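To keep things clear, I will list the structure first and then write my remarks on it.
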2 protein chains.
Amino acid sequence: MDIFLKTIGSINDETRIKILNFINQNGEVCVCDIESAFNMIQSRVSRHLKILKDGGFLKVERRGRWAFYSIRTPLDNFRQSILDEIACLDLELPNRDFKCRK
Amino acid sequence: MDIFLKTIGSINDETRIKILNFINQNGEVCVCDIESAFNMIQSRVSRHLKILKDGGFLKVERRGRWAFYSIRTPLDNFRQSILDEIACLDLELPNRDFKCRK
DNA sequence: ATTATACATCAATATATCTTGATATATAAG
DNA sequence: CTTATATATCAAGATATATTGATGTATAAT
């Protein structure tokens with residue numbers, strides 16, 4: 001029950017749904033990619049990514065001073081069905097700019 | 001997005017997950033069934049049932065002074081997959097007593 | 001008509017969650 | 001060693017959600 005609630009709670013937020021969809025469409029991104037794509041301050045992005053990670057949707061890989069977030073693999077059927085449902089929502093995808101690595 | 005968030009928000013609560021599972025296992029129930037099965041006050045039950053109904057999981061049918069809640073049919077694949085996931089959580093099912101109709 | 005039952009809704013309070021700005025840590029560059 | 005960059009975390013305030021008791025409405029029984 002606790003894991004289920006944590007999973008559901010992690011997607012019970014418009015910002016996180018958009019971030020999750022962005023990563024699902026773009027693949028691996030770092031925190032600053034999302035910062036610039038969504039024009040959000042860093043602490044806010046970091047917090048939401050942590051919640052999505054704790055919800056079982058994302059994994060992190062640290063390389064140098066960057067933290068790269070991507071969809072966890074393998075992903076169970078239930079979380080995959082949530083990703084698919086979100087992909088059908090027809091959300092506007094912000095442009096990805098690689099500002100932090102230019 | 002709004003509909004998706006309302007759906008997710010409706011199951012982002014331990015009480016509602018238990019109620020939804022109870023109805024999924026028992027079929028049609030009235031408000032007082034849940035009142036007695038879960039030992040909750042009526043206003044609380046009524047509120048949670050409304051949220052689950054607005055979340056697209058339940059339908060109501062009024063007969064006399066009773067309101068009978070059951071799983072909405074037909075149910076879309078996404079909500080069905082949520083019901084199935086909840087059914088796998090191995091929640092304790094409270095006994096159903098038909099106090100209000102004895 | 002009056003009373004009882006089943007349910008819905010409101011207002012107040014309690015609790016949880018989100019956002020922000022400040023601060024901390026860790027890595028890399030000068 | 002000092003400074004800059006990328007990220008994480010904390011504390012305070014703002015916002016949202018849950019619980020309760022009171023009240024409202026509709027139906028049925030006496």
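Just so it is clear, the model here is predicted, and its values are computed rather than measured.
Taking atom CE on B:M40 and atom C1' on C:dA6, their separation rounds to 16 Å, with Å as the unit. Across the protein-nucleic acid pair, A:F38 atom CZ and C:dT20 atom P stand 15 Å apart, rounded to whole Å. The distance between atom CD1 of A:I34 and atom C1' of D:dA6, rounded to the nearest whole Å, is 14 Å. Following rounding to the nearest Å, B:K50 (NZ) and C:dA6 (C1') show an atom-to-atom distance of 17 Å. If you measure from atom CZ of B:R16 to atom C1' of D:dT19, you get 12 Å, rounded to the nearest angstrom. Distance, B:F68 CZ to C:dA6 P: 11 Å, rounded to whole Å. Between the CD1 atom of A:I11 and the P atom of C:dT17 there is a distance of 15 Å, given to the nearest Å. For A:N12 and C:dA16, the CG to P distance is 15 Å, given to the nearest whole Å.
Every residue meeting the side-chain hydrogen bond (donor to acceptor under 3.5 Å, both in side chains) condition with A:N21, not counting sequence neighbours, appears here in chain and number order: A:Q25. When the side-chain hydrogen bond (donor to acceptor under 3.5 Å, both in side chains) test is applied to B:T7, the partners found at least two apart in sequence or on another chain are B:R79. By the side-chain contact (heavy atoms from CB on, under 4.5 Å) test, A:K50 pairs with A:D54, sequence neighbours left out. Every residue was checked against the side-chain hydrogen bond (donor to acceptor under 3.5 Å, both in side chains) condition with A:K53, not counting sequence neighbours, and none meets it. Annotation: salt bridge (charged side-chain N to carboxylate O under 4.0 Å, His left out) contacts of B:R16 (sequence neighbours excluded): none.
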Stepwise salt bridge (Lys or Arg N to Asp or Glu O under 4.0 Å) check, A:R63 with A:E61
CA-CA 6 Å; A:R63 296 203 288 274; A:E61 194 190 324; 3.2 Å; yes
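The nearest heavy atom of DNA chain C to A:D13 and to B:L49 marks one nucleotide each, and the one closer to the 5' end goes with B:L49. The residue among B:G9 and A:V31 whose nearest nucleotide of DNA chain D lies closer to the 5′ end is A:V31.
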Under 4.0 Å protein heavy-atom contact, by nucleotide of nucleotides 20-30 of chain D - B base, S sugar-phosphate only:
BBB----BSS-
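Put simply, B:Y69 has a side-chain N or O that comes within less than 4.0 Å of OP1 or OP2 on C:dA8.
By the 6.0 Å contact criterion, CG on A:L89 is enclosed, its count of non-hydrogen atoms from other residues, nucleotides or ligands being greater than 12.
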